[in-house]
Amino acid sequence: MGIAQAAAPLRLHLGCSGAAPPRLTSLRVGVGSHARKGGRRRNPPRAASSLHPSSNPRAHDHDPALKPPAPAPAGDIAGRDLNGAADHAPQQRRRAASDLEEEAWALLRESVVSYCGSPVGTIAACDPNDSSPLNYDQVFIRDFVPSGIAFLLKGEYDIVRNFILHTLQLQSWEKTMDCHSPGQGLMPASFKVRVVPLEGDEEGATEEVLDPDFGEAAIGRVAPVDSGLWWIILLRAYGKCSGDLSFHERIDVQTGIKLILKLCLADGFDMFPTLLVTDGSCMMDRRMGIHGHPLEIQSLFYSALLCAREMLTPEDGSADLIRALNNRLMALSFHIREYYWLDKRKLNEIYRYKTEEYSYDAVNKFNIYPDQIPPWLVEWIPPEGGYLIGNLQPAHMDFRFFSLGNLWSIVSSLATTRQSHAILDLVEAKWSDLVAEMPLKICYPALEDQEWKYITGSDPKNTPWSYHNAGSWPTLLWQLTVACIKMNRPEIAARAVEVAERRISVDKWPEYYDTKRGRFIGKQARLFQTWSIAGFLVAKLLLENPEKSRILCNNEDEEFANAFNLMADSCNPNRKRGRKALKKTYIV
């Protein structure tokens with residue numbers, strides 16, 4: 001038997017009237033008479049009224065620093081064809097930056113999904129010429145985050161609030177596949193608004209229902225570990241941006257946070273503080289050899305723990321959870337900073353590792369064999385700069401550079417200040433590899449030949465330099481921008497945005513790009529991909545108003561920093577073992 005409970009979609013009636021709403025002809029707000037024709041720009045379609053600040057009394061009465069910015073001055077952007085060559089067509093040669101942003105906003109509003117008359121999210125892609133959308137017509141948790149941030153930065157809070165509350169309701173739904181249920185705190189990967197016949201009505205009345213996917217229908221049937229982590233991060237951003245901090249204190253919101261934390265902090269067999277996950281449980285949702293302790297999950301996990309600690313209300317029932325949370329934060333930061341970090345000096349140290357060490361003071365704690373060092377890395381690692389490796393397990397290091405994990409380690413302060421600057425140094429030093437003709441490589445380098453065959457299972461979508469196998473993803477612009485602003489180096493992000501502006505609109509906002517330099521639109525890339533559009537908008541908005549990035553950034557806890565230094569000293573192999581304890585005990 002396949003899925004044990006292929007039950008009817010969950011029926012949620014939040015905000016619905018007693019009478020069933022009429023069947024929708026489209027889930028996109030404002031599509032109607034504004035359907036796309038090719039990639040041509042047109043006037044923005046009218047979105048749901050609750051999206052407009054003028055109709056939202058809460059839109060601009062908060063922190064003056066978070067008010068929507070004035071339009072940026074126009075600038076010339078050169079159009080380019082598919083191969084990156086200059087396109088001299090008159091209508092493409094002189095596109096103003098303000099026009100490009102206006103087009104992006106129109107497309108983003110077209111992707112908005114309504115449920116019972118209120119906006120609840122944005123669909124993954126909105127290409128009118130796509131006859132087989134698969135699940136790209138659904139609202140994905142991770143995909144909506146840049147859309148939600150864009151709306152928050154514009155002062156349009158209702159869509160984010162509705163999204164948070166409706167996904168919170170979905171969290172409590174029973175999730176079963178093949179007679180097995182995952183943890184109660186699991187958030188769905190995506191959901192879809194469906195119109196179904198009203199039960200017991202013989203006159204053909206219909207109602208809207210939310211139909212979530214927790215991985216039961218996903219390719220590979222993998223649960224989305226990152227969904228709950230992104231949900232917490234977006235929840236904190238909503239409170240900081242809207243000023244509605246009392247929203248965090250709602251009983252249902254507090255319960256949702258605690259369920260996610262309990263699922264992530266549950267005891268298991270693992271000796272490490274990092275989260276153990278399967279392949280495909282995050283942005284790389286297909287088999288790419290990241291099973292174990294991938295950096296992307298660890299950086300989001302760390303950020304979500306910090307965000308949750310800010311939002312949890314102090315009460316007797318939360319004391320044990322907060323204590324476990326603090327212990328995990330300390331252990332996780334030490335583990336990642338100490339064992340995932342790689343620069344030229346560390347690489348040389350690994351190159352000289354002794355193996356099969358059996359002692360408490362072993363230098364090569366994970367029994368890494370020096371022959372694992374790939375030949376490309378020896379020449380690729382710059383003299384200045386470094387990065388956090390992609391994965392660490394006994395006798396295994398994944399030396400690939402993963403962009404999202406490294407960038408969010410900067411944003412969340414999982415990386416130290418020195419490490420954060422070194423990561424950005426590496427991005428600058430390896431610009432032709434990581435950015436080239438379209439930012440940003442999801443990872444570097446690609447798996448090729450036999451390695452691609454064995455690790456991906458000969459996945460035809462993840463061929464070398466395509467999709468998750470070192471494809472170039474424009475949505476990563478917003479994470480790059482937040483990281484650069486936090487380290488006071490916004491010029492790096494501005495340079496990457498300038499590269500994207502040359503062709504992303506002409507190419508119809510693709511999901512990803514292929515080839516080593518990101519020269520071609522991805523062979524299976526969806527066009528008018530919503531998070532490519534939203535990622536570009538968030539990058540532009542933050543570069544115009546850098547102070548707004550604080551809704552996403554986490555600052556390092558000074559007490560943790562001091563404890564980390566003591567722990568690093570205690571783990572020095574040249575130091576004799578003892579039983580001297582810290583003033584405060586942290587479980588590592």
Side-chain angles (χ1 to χ4, degrees), residues 10 121 139-145 148 160-176 181-191 210 212-215 218 222-240 245 247-268 270 273-278 281-283 285 293-294 296-315 317-329 331-332 408 411-412 414 552 554:
L10 172 64
V139 180
F140 281 81
I141 303 287
R142 76 172 69 94
D143 291 39
F144 177 73
V145 172
V160 180
R161 180 187 176 92
N162 294 339
F163 172 86
I164 289 170
L165 289 176
H166 283 295
T167 49
L168 186 61
Q169 293 293 322
L170 295 174
Q171 181 193 39
S172 62
W173 195 43
E174 185 177 356
K175 309 167 272 283
T176 304
S181 298
Q184 190 179 1
L186 182 66
M187 281 288 186
S190 63
F191 66 85
L210 294 182
D213 175 19
F214 292 91
V222 180
V225 177
D226 63 336
S227 287
L229 307 178
W230 277 122
W231 185 88
I232 290 177
I233 293 168
L234 183 62
L235 173 64
R236 172 181 178 262
Y238 168 79
K240 281 187 168 292
L245 299 180
F247 182 70
H248 298 160
E249 300 172 1
R250 290 177 45 142
I251 294 177
D252 55 346
V253 173
Q254 287 287 308
T255 301
I257 296 172
K258 291 175 183 177
L259 286 175
I260 295 171
L261 292 180
K262 288 177 180 178
L263 185 61
C264 294
L265 297 173
D267 292 333
D270 209 341
T274 42
L275 272 183
L276 179 64
V277 300
T278 62
S281 57
C282 52
M283 181 179 176
D285 56 4
H293 308 90
E296 178 181 332
I297 289 292
Q298 314 316 321
S299 61
L300 293 175
F301 181 36
Y302 187 79
S303 182
L305 290 178
L306 289 173
C307 293
R309 188 174 65 171
E310 283 185 31
M311 296 184 291
L312 281 173
T313 54
E315 56 185 35
S318 299
D320 290 341
L321 185 61
I322 293 175
R323 188 179 303 111
L325 186 153
N326 282 326
N327 286 336
R328 193 62 168 265
L329 278 170
L332 182 61
W408 210 258
V411 174
S412 65
L414 178 56
L552 295 162
N554 304 106

- By side chain to side chain donor-acceptor pair (under 3.5 Å), which residues pair with R236, not counting sequence neighbours? E310
Would a 4.5 Å heavy-atom cut-off, applied to side chains only, mark [X] and [Y] as touching?
| X | Y | result |
| --- | --- | --- |
| L210 | Q169 | no |
| M311 | I232 | yes |
| L261 | L305 | yes |
| R328 | F301 | yes |
| L265 | L321 | yes |

- Query: If only atom types and distance count, is the side chain of H293 paired as donor or acceptor with the main-chain N or O of P273 below 3.5 Å?
  - Reply: no
- Side-chain (R309) to main-chain (N326) donor-acceptor, under 3.5 angstrom: no
- Task: Give the intermediate values and the outcome of side-chain contact (heavy atoms from CB on, under 4.5 Å) for residues E296 and W408.
- Result: CA-CA 8 Å; E296 178 181 332; W408 210 258; over 6 Å; no
- Query: Once you round to the nearest 0.5 Å, how far does CG of N554 lie from SG of C307?
  - Reply: 4.5 Å
- Query: Are any of the side-chain nitrogens in E315 or K258 under 4.0 Å away from the carboxylate oxygens of its partner?
  - Reply: yes
- Item | Worked check of side-chain contact (heavy atoms from CB on, under 4.5 Å) between L235 and V160 | CA-CA 8 Å; L235 173 64; V160 180; over 6 Å; no
- Task: Mind checking ring pair (Phe, Tyr, Trp, His ring centres under 6.0 Å) for W231 and listing every partner two or more places apart, or none if nothing turns up?
- Result: none
- Query: How close do I141 and F163 get, heavy atom to heavy atom, and via which atoms?
  - Reply: CD1-CZ, 3.7 Å
- Task: Check each of R250, E249, Q254 against T313 using the side-chain hydrogen bond (donor to acceptor under 3.5 Å, both in side chains) test, and report the only one that passes.
- Result: Q254
